[in-house]
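Structure first, then comments.
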Amino acid sequence: MKLVVIGGVAGGATAAARARRLNEEAEIVIFERGEYISFANCGLPYHIGEVIKEREDLLVTTADAFRNRYNVDIRLFTEITAIDRKKKQVSAKNHQTGETYTESYDTIILSPGAEPVRPPFPGVDSDNIFNLRNIPDTDRIKTYVDQKAPASAVVVGGGFIGLEMAENLAIRGVRPTIIEKLEQVMPTMDYEMAGLMHAHLKEKGVDLILGDGIASFEKQGKRLCVHTQSGKTVECDMAILSIGVKPEFGLARDAGLAIGETGGVKVSATMQTSDPDIYAVGDAVETTDFMTGFSTMTPLAGPANKQGRIAADNVMGRRSIFRGTLGTSVVKIFDQTVASTGASEKTLKRNKIPYLASYSHAGSHASYYPGAEMMAIKILMSPSNGKILGAQIVGGEGVDKRIDVLATAMHACMTVFQLEELELAYAPPYSSAKDPVNIAGFVASNLLKGDSRKVNWNEFNELDPETDVLVDLRNKDELETTGEIEGALHIPLNQLRDHLDQLDKNKRYITFCAIGQRGYVGYRILAQHGFDVRNLSGGYKTLLGAKEKIMKESPFTTVWLGQ
C-alpha cells in the first residue's frame, strides 16, 4: 500500500512513524511545504525569551534522522496543491525548484494544521508586526529583538501564545502591553479565575487593555502607534499578533471533503473523512467535546499526536478510535501556572447544560514544609449526580499535577464524590494528607449533600443589604493586610458562638473568610442554630478575582484591596 501524509509536525509525523511501526512494507511519503518535518511549536516563545537558548533544541527530529529511522520518503519545501480523488493522485509543487508533478496514493492522512488569524487592519503589514506560528516566524521575531533592542511591545490577544510572548518579551527587557478584545485574558478560563491572572500580570509589569479591539496600526518613524476601537493609542516598538488560529481546510474543501459546522474538516471517531481513503488529524479537524458531545476544534499538540496515531492504526487495519477531547491545557505566566480541562462555565451555559460551580483553595504541599503555594480550584459538576464537567486551577507549584488528576478523573467519568476517595501520594514536600484534589471533592460534595448552601461571586451583586448580612470570619490582622468589604459584620470564627444572641433570625447571613474553609465552619454553626445562612463559595480570594465586575454594581461598599 502507498500512504501519502500531507503535513508533518505533531499529527503528520506521528502518523507516519506509527504507520511504519505497524507496516514495514508500506510505501510512505510525507509532503511538508516548509523546511522542518517536526519541531516544538509550544517551545517557540521560550526561544525568543532565550529560556531555550539553542535553536536546534526546538527540532524534535530532522528529516534525515526521521528518514533513516523509519524509511520514509520525505519531500521538504513541497506543497500539495490539489487532491484528485477519482484518479487517486495529488498535485505537488516544490517551492525551491518550481517543479510541479503528481503523485499517486492508496490512502492519505491530512495534517495541514492551522494558520494564524491576521485580520486586514490598516497598517498591519508594517515590518515590525509579527505572527508566531513556526520556526521562520521565531527567527524573524528573535532577530528583531536581538538587533533592534525594542523597549516596548503590544501583544494583540491574550490566549496561550499571547501570554507566553508577553512573559518572554518581558524577560528580554521589552515592556509588553496586552490588548484583548474580550474582557479577560485566556478565554478558556472563566472570568473570576482569569481575574487572578490579571492581578499577577499587572504585578509583573504587563499593561492590560481588556474589552477593546484593534482599529489600526500606524508607523511613525521607527515607532508603531496602535489605535484601539475605543480610541486609545499605544505607542510601541513592535507588535505580536496572537489573535488565534483558523484551520487550513482549503485543500480538503477543494477536494470535496465534508467541512464541519465549526469550520474544521469533518472526521469520524476513526479520523476518517467523508472519503474512506482520506483521514485527517490535528488542528484542521473538527472532533467531539468529550464532556458535552458537541462538535469542537482543539488546536493542541496532545490531541494531534493521539489523532495521528489513531489514523495510522486504522489505515493499517487496526481498529482504533478517538473518544473526544477534554481540551486539557496548562500555561506558565511568570510565577503563575494556569490550567483547565473539560467544559468552562461559559461553554455549559451556551449549550444549556445544567451545572453547579464549586471553589476551593489549598496549598501545593504541607503548610509546615517551606515553600507551599496556594492554588485556586474551580470544579464544575452535574447537579444531579456530581459528575465532573470541568475544572480550572490558578496557582503556582503543583497545579499541573492536579489538573492531570482531574483530567484523568473526567476521562473515567468520575464524580466529585470519588474525588473525596482518591488515594494520592503524600509527603510534606509534595502534598498534604488531604490533597487539594481531595479538598475540591469535599467542598463540591458538601454542596450536593446539602451540608452547605452557597452564594457564588456572580450572585454577590444580587444581595440585598436590607435583608442580607455579610459575616466576615477572618481575624482582624487579615483585614488590615488583604482588605475588607466595608459594611460586613466582623466576627472572628472562634468568637462566633459567643455572638449568636446578637444575630437576627429574620436576616439572611452570608459567611465568608479568606478561602472558604472557615466560612463553611461558620455556616455549619449558624445553620445548626436555626439561622438562614449561605457560604460565599471560595471566600474573599475568589471575590477578588472578579472584583472589577463586582465593584461596578456592588450593593455594598466597594471591595478595598490593601495591595
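In this text the structure is predicted, and so the values were computed from the model without any measurement.
The two atoms that bring A376 and L196 nearest to each other are CB-CD1, 3.8 Å, heavy atoms only. Nearest heavy atoms, L419 versus A409: CD2-CB, 4.1 Å. Minimum interatomic distance between F130 and R140 (heavy atoms only, all atoms of both residues): CE2-O, 4.1 Å. A pairwise comparison of heavy atoms in M375 and R402 identifies CE-NH1, 3.9 Å as the closest pair. Residue V5 comes nearest to A16 through the heavy atom pair CG2-CB, 4.3 Å, listed as atom of the first residue, atom of the second, then distance. Taking each heavy atom of I377 and A440 in turn, the nearest pair found is CG2-CB, 4.1 Å.
Here side chain to side chain donor-acceptor pair (under 3.5 Å) pairs that include residues 122-131, with residues two or more places apart or in two chains, are R118-N131, S126-N128, D127-K219. Counting only residues at least two apart or in different chains, salt bridge (Lys or Arg N to Asp or Glu O under 4.0 Å) contacts with residues 268-286 comprise R85-D275, K88-D277, R133-D283, K266-E286.
Formation of a donor-acceptor pair under 3.5 Å by the S274 side chain with backbone atoms of A258 is found in this model. For R253 (side chain) and I259 (main-chain N/O), no donor-acceptor pair under 3.5 Å exists by modelled atom type. At least one donor-acceptor pair closer than 3.5 Å links the side chain of E180 to the backbone N or O of L182. When atom types are taken as modelled, the side chain of E164 and the backbone of I161 share no donor-acceptor pair closer than 3.5 angstrom. Formation of a donor-acceptor pair under 3.5 Å by the R75 side chain with backbone atoms of V29 is not found in this model. A donor-acceptor distance shorter than 3.5 angstrom exists from the side chain of Q307 to the backbone of G282, with no hydrogens or angles considered. Using modelled atom types, one side-chain atom of T78 and one backbone atom of L76 make a donor-acceptor pair closer than 3.5 Å. Under the 3.5 Å distance criterion, the side-chain polar atoms of S111 are matched with a main-chain donor or acceptor of G12. Within the 3.5 Å criterion, the main-chain N or O of I333 finds no donor-acceptor partner in the side chain of T337. With hydrogens and angles ignored, the 3.5 Å screen pairs a side-chain donor or acceptor of S242 with a backbone N or O of V156.
More than 12 heavy atoms of other residues, nucleotides or ligands lie within 6.0 Å of NZ in K346, so this atom counts as buried by the packing criterion.
Applying the side-chain hydrogen bond (donor to acceptor under 3.5 Å, both in side chains) rule to K181 yields no partners; only residues at least two apart in sequence or on another chain are considered.
Using the six-membered ring where Trp is involved, Y36 and F39 have ring planes that are perpendicular, over 60° apart on the 30 and 60° scheme. Taking the six-membered ring for Trp and thresholds of 30 and 60 degrees, H411 and F290 have nearly parallel ring planes, at less than 30 degrees apart.
T292 and N351 share no side-chain donor-acceptor pair at under 3.5 Å. Looking only at atom types and distance, the side chain of E345 has a donor-acceptor partner in the side chain of Y355 under 3.5 Å away. Side-chain contact, T270 with N314: no donor N or O sits under 3.5 Å from an acceptor N or O.
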query: Can K378 and D190 be said to form a salt bridge (Lys or Arg N to Asp or Glu O under 4.0 Å), step by step?
result: CA-CA 9 Å; K378 179 177 183 178; D190 289 321; 2.8 Å; yes
- request: Just do the salt bridge (Lys or Arg N to Asp or Glu O under 4.0 Å) check on D313 and R18 with the steps written out, would you?
  value: CA-CA 7 Å; D313 278 358; R18 176 65 173 172; 2.7 Å; yes
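A salt bridge links E103 with K2: the closest approach of a Lys/Arg side-chain nitrogen to an acidic carboxylate oxygen falls below 4.0 angstrom.
Within the 4.5 Å cutoff, the side chain of F322 has no heavy atoms near those of the V285 side chain. In this structure, the side chains of E32 and I74 stay at 4.5 Å or more apart for every pair of heavy atoms.
In summary, of the residues considered (K202, R175, K232), a salt bridge (charged side-chain N to carboxylate O under 4.0 Å, His left out) with D207 occurs for R175 alone.
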